[in-house]
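See below for the structure under consideration.
In what follows, residues are counted from 1 in the order of the sequence shown.
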Amino acid sequence: MESDSGPAPSKVSAGSLVAVFLITAITGTLLAYGILFLAAQARHCGEWSGMLLPGYQFGVPDHLYEKGVVPNCEVGWDGQFYYLQSNYLNPDPEAYRHIDAPPYRYQRIGLPLVAWCFAALTGADYVSPQMYLFASLPFLGIAMGLLAAWLFAHGYSPLWCLGWTANLGIPICLLHGQPDPLADAFFIIAMLALIRGLPLAYALAATMMCLTREPYFAIAATVLAASVVGLVPWKGNPADGGWVVVVLRKLGWTSLADRLMVAPEVMDNPTLLDGRPSAWNYWAYRTPIWQALVLAIPCGVFVAWQVYLYKVFGQTGSQSAGGTILDYPFVAFFRSSWTSPNYLMRPFYFAVMVLGFLVLWNVRRKWALSPILLPYFVVLTLMSEVIWIDFSGFTKAMGTVLATMVISLPLLTRRVRYVIAVVLVCAVLTYTQSYRRILGGVDLVPIPDYKIVKQITDIDQPILANPTCSIELDQARLIQLAAEKDGDYLFVLGGRRYPQRYVTIPITITNTGDQPWLRSRNNPIQMVYRWIRPSGRTYWCPGVELPYTIEPGQSFTREVPLLLPRDPGEFTLRITMRQGQDDNFDEREDGGYLEIPMTIR
């Protein structure tokens with residue numbers, strides 16, 4: 001007959017557990033920081049603020065702009081909003097007019113709060129982008145260390161903790177300042193504290209868990225309710241049942257109370273779970289009043305913060321989201337799969353979500369975590385297309401499920417363990433999808449004159465029949481600025497110099513054609529440039545947007561950051577205009593371009 005539990009390892013020493021925890025936590029923190037550092041040098045020219053993807057649609061407060069936090073793309077991504085909060089913990093118009101849906105963003109104050117504390121401890125007068133991006137890493141390391149020690153105590157390799165840490169969602173979010181990895185880390189700490197019966201540690205981690213990602217409130221509220229009825233053994237009194245049983249007996253309903261009261265089962269395996277009750281032993285433990293009050297702290301703090309935000313903004317975070325977060329169970333997955341197909345990541349992470357329910361069912365008789373996590377897992381099935389439409393959304397949302405799989409590994413039956421082990425290995429393999437975000441080509445550098453750029457028009461730019469342009473810049477000044485960057489590199493990796501350098505110089509472009517250039521989303525017109533070697537090999541660089549509509553005969557000037565080649569040698573810099581992705585003006589007769597021979601050392 002198949003065993004219902006994992007292997008029965010010998011007791012491990014406390015010293016071994018501490019060693020596994022420290023080695024994993026320190027190594028994980030340093031490795032994660034090393035990846036962030038490499039990404040900052042490889043993708044953003046050493047500009048840490050670029051990793052937050054700040055967009056000029058929202059801009060940044062003047063205080064941070066003066067510190068060098070400059071937009072580098074049109075719209076940006078969510079990390080920019082949470083970073084602003086770290087410098088404005090108390091909602092302030094100077095900050096939230098640069099934030100999309102401020103009530104929704106401000107309810108996730110956990111990561112900004114942690115980053116602010118790190119900055120305060122180091123004596124900094126503001127939270128720098130580098131400090132903000134680092135803030136999650138120590139807690140990520142602690143969660144990794146606790147998972148590793150938990151697995152090691154049960155006879156499993158600590159490396160299985162990578163099933164959570166190295167899945168695609170974690171690195172994607174860490175690289176761009178998203179709060180989800182920190183929320184997952186606090187979730188892991190809270191759940192292991194719950195398993196070990198440590199209410200104070202649980203309350204602290206669960207409070208930060210709820211403040212970092214609001215759906216976790218479902219877990220904190222369920223833990224409180226389960227503790228009150230007697231489901232969770234917080235080292236309480238099992239002699240005469242939980243508070244529900246006590247109340248029934250006081251009401252004289254002794255028969256019903258006796259029927260509900262079940263003596264807890266003791267597991268035979270000599271593991272850290274010795275003495276834990278069966279999850280079916282409802283009502284068995286009476287949580288002391290002081291512990292119940294401690295367990296109520298996460299819920300109380302979360303509700304108080306929501307009330308405060310409602311007082312400030314006149315609406316809660318959920319109201320601010322406008323009903324765009326939730327949908328019918330699983331419906332959004334299939335709808336988004338039809339409109340935005342992805343034949344690898346999307347089905348895999350959908351399978352992760354479904355298998356999460358299998359894990360809860362498989363360990364339902366062994367611990368109380370199954371019914372506690374079930375409501376949250378149901379919430380995950382309600383994710384709307386906002387989450388499923390992009391892999392960054394659903395991969396980070398599945399972090400909780402993967403973490404639960406890792407924690408549950410010692411308690412799974414043999415067949416289910418094999419299935420989940422394969423899932424965890426595949427989750428680690430999805431990390432390879434992050435390589436291009438770490439070592440890919442530079443495509444985002446600061447936009448120094450972003451304030452002159454207007455919103456993109458809803459009118460599509462028609463295909464131009466005979467576009468032409470003229471381009472002017474101070475060539476001598478460009479050559480001088482490039483020469484000042486000679487040899488200015490931190491390191492060489494794989495024959496490439498890091499970080500890639502850039503120079504900023506005004507470029508004036510005139511529309512010499514007979515049709516206007518619209519600043520549009522479809523068929524856009526951009527200034528583009530490329531470096532050409534004598535052999536003909538070409539290095540394309542990112543385009544530069546139009547600041548506004550350019551009429552025939554009209555000129556505009558932009559401060560343009562020009563990426564310099566990573567390799568030394570002789571080059572020709574060619575600057576032209578482009579419509580769409582392929583229609584370059586210099587490929588048309590009399591289209592217009594500017595060429596500048598340059599030597600890069």
Side-chain angles (χ1 to χ4, degrees), residues 44 49-61 65 69-81 83-84 96-102 104-105 176 322 324 339-340 385-386 389-390 392-393 442-465 467-469 471 504 506-529 540-563 575-585 591-592:
H44 302 284
S49 65
M51 298 182 66
L52 301 173
L53 304 184
Y56 52 72
Q57 177 172 320
F58 295 97
V60 294
Y65 183 80
V69 182
V70 182
N72 61 9
C73 53
E74 181 192 334
V75 178
W77 203 27
D78 297 351
Q80 62 180 326
F81 306 134
Y83 170 68
L84 290 187
Y96 61 68
R97 69 167 172 258
H98 298 286
I99 295 176
D100 175 41
Y104 175 74
R105 303 297 178 185
H176 300 303
T324 61
T339 59
S340 179
E385 283 189 86
V386 173
I389 200 70
D390 183 74
S392 64
V442 174
D443 58 3
L444 297 168
V445 292
I447 302 174
D449 60 351
Y450 81 94
K451 292 187 177 181
I452 73 167
V453 179
K454 307 302 181 184
Q455 292 296 310
I456 284 183
T457 177
D458 291 331
I459 303 174
D460 292 344
Q461 170 73 63
I463 301 298
L464 301 180
T468 63
C469 67
I471 301 171
T504 302
I507 299 180
T508 299
I509 300 175
T510 303
N511 179 1
T512 58
D514 56 6
Q515 293 177 274
W517 299 345
L518 303 181
R519 176 169 156 75
S520 64
R521 187 173 302 279
N522 293 324
N523 303 321
I525 296 177
Q526 300 174 312
M527 189 215 83
V528 292
Y529 64 101
W540 281 96
C541 295
V544 178
E545 302 286 342
L546 295 177
Y548 37 70
T549 295
I550 309 299
E551 299 293 341
Q554 184 180 1
S555 301
F556 71 92
T557 300
R558 290 215 59 181
E559 291 281 340
V560 178
L562 296 174
L563 291 171
I575 304 174
T576 187
M577 300 297 289
R578 176 179 66 192
Q579 181 172 20
Q581 296 298 316
D582 304 308
D583 191 358
N584 301 302
F585 287 18

- Interatomic distance, Cys73 atom SG to Asp443 atom CG [nearest 0.5 angstrom]: 9.5 Å
- Task: Could you grab the distance from atom CG of Leu84 to atom OH of Tyr96, nearest 0.5 Å is fine?
- Result: 13.5 Å
- Item | Pairing residues for Pro524 by the side chain to side chain contact (heavy atoms under 4.5 Å, CB included) criterion, not counting sequence neighbours | none
- The complete set of salt bridge (charged side-chain N to carboxylate O under 4.0 Å, His left out) pairs with one or both residues in residues 512-523, sequence neighbours excluded, reads Glu74-Arg521, Arg519-Glu545
- Item | Exercise: identify the closest heavy-atom pair between Trp77 and Ser392 | CZ2-OG, 3.3 Å
- Listed by chain and number, what are the side chain to side chain contact (heavy atoms under 4.5 Å, CB included) partners of Thr504, not counting sequence neighbours? Pro448, Tyr502, Glu559, Pro561
- Task: Heavy atoms only: give me the nearest Cys469-Met577 pair and the separation to one decimal.
- Result: SG-CG, 3.7 Å
- Message: Distance check, rounded to the nearest 0.5 Å: Leu464 atom CG versus Ile525 atom CD1?
- Response: 4.0 Å
- Are the side chain of Asn523 and the backbone N or O of Gln461 linked by a donor-acceptor pair below 3.5 Å? yes
- Just how far is it from atom CH2 of Trp517 to atom CD of Gln526, taken to the nearest 0.5 Å? 12.5 Å
- Could you tell me which non-hydrogen atom of Val453 sits nearest to which non-hydrogen atom of Leu546, and how far apart they are? CG1-O, 4.2 Å
- Do Pro61 and His98 touch side chain to side chain, with heavy atoms closer than 4.5 Å? yes
- Side chains of Leu563 and Val445: does their closest heavy-atom pair fall under 4.5 Å? yes
- Using atom types as modelled and distance alone, determine if a side-chain donor or acceptor of Thr512 lies under 3.5 Å from a backbone N or O of Thr468. yes
- Message: Which heavy atom of Leu518 sits nearest to which heavy atom of Ile459, and what is that distance?
- Response: CD1-CG2, 4.0 Å
- Query: For Ser520, what residues pass the side chain to side chain donor-acceptor pair (under 3.5 Å) criterion, not counting sequence neighbours?
  - Reply: none
- Set of ring pair (Phe, Tyr, Trp, His ring centres under 6.0 Å) partners for Phe556, sequence neighbours left out: none
- Where do Tyr83 and Leu52 come nearest, in terms of heavy atoms and distance? CG-CD1, 3.5 Å
- Item | Heavy-atom closest pair, residues Gly59 and Pro71 | CA-CG, 4.3 Å
- Message: Once rounded to the nearest 0.5 Å, what's the spacing between atom CG of Asn72 and atom CD of Gln80?
- Response: 9.0 Å
- Item | side chain to side chain donor-acceptor pair (under 3.5 Å) against Asp449, all qualifying residues, sequence neighbours excluded | Arg558
- Message: Given Tyr529, which partner from the list Thr576, Ile575, Ile507, Ile471 fulfils the side-chain contact (heavy atoms from CB on, under 4.5 Å) test?
- Response: Ile575
- Please list, chain by chain and in numerical order, all residues satisfying side chain to side chain contact (heavy atoms under 4.5 Å, CB included) with Tyr65, sequence neighbours excluded. Val60, Val70, Tyr450
- Partners passing side chain to side chain donor-acceptor pair (under 3.5 Å) against Lys451 (at least two apart in sequence or in another chain): Asp62
- What residues, two or more places apart in sequence or in another chain, satisfy side chain to side chain contact (heavy atoms under 4.5 Å, CB included) together with Asp100? Phe58, Phe81, Arg105
- Query: How long is the span from the CG atom in Asp78 to the CD1 atom in Ile99, to the nearest 0.5 Å?
  - Reply: 11.0 Å
- Query: Okay, side chain of Gln515, backbone of Ile463: is any donor-acceptor separation there less than 3.5 Å?
  - Reply: no
If you look only at distance, which donor and acceptor atoms sit under 3.5 Å apart when one is on a side chain in residues 548-555 and the other is two or more places apart or in another chain?
| from | atom 1 | to | atom 2 | distance (Å) |
| --- | --- | --- | --- | --- |
| Gln554 | OE1 | Glu551 | N | 2.9 |
| Ser555 | OG | Thr510 | OG1 | 2.5 |

- Query: Does His176 have any side chain to side chain donor-acceptor pair (under 3.5 Å) partners at least two apart in sequence or in another chain, and if so, which?
  - Reply: Arg437
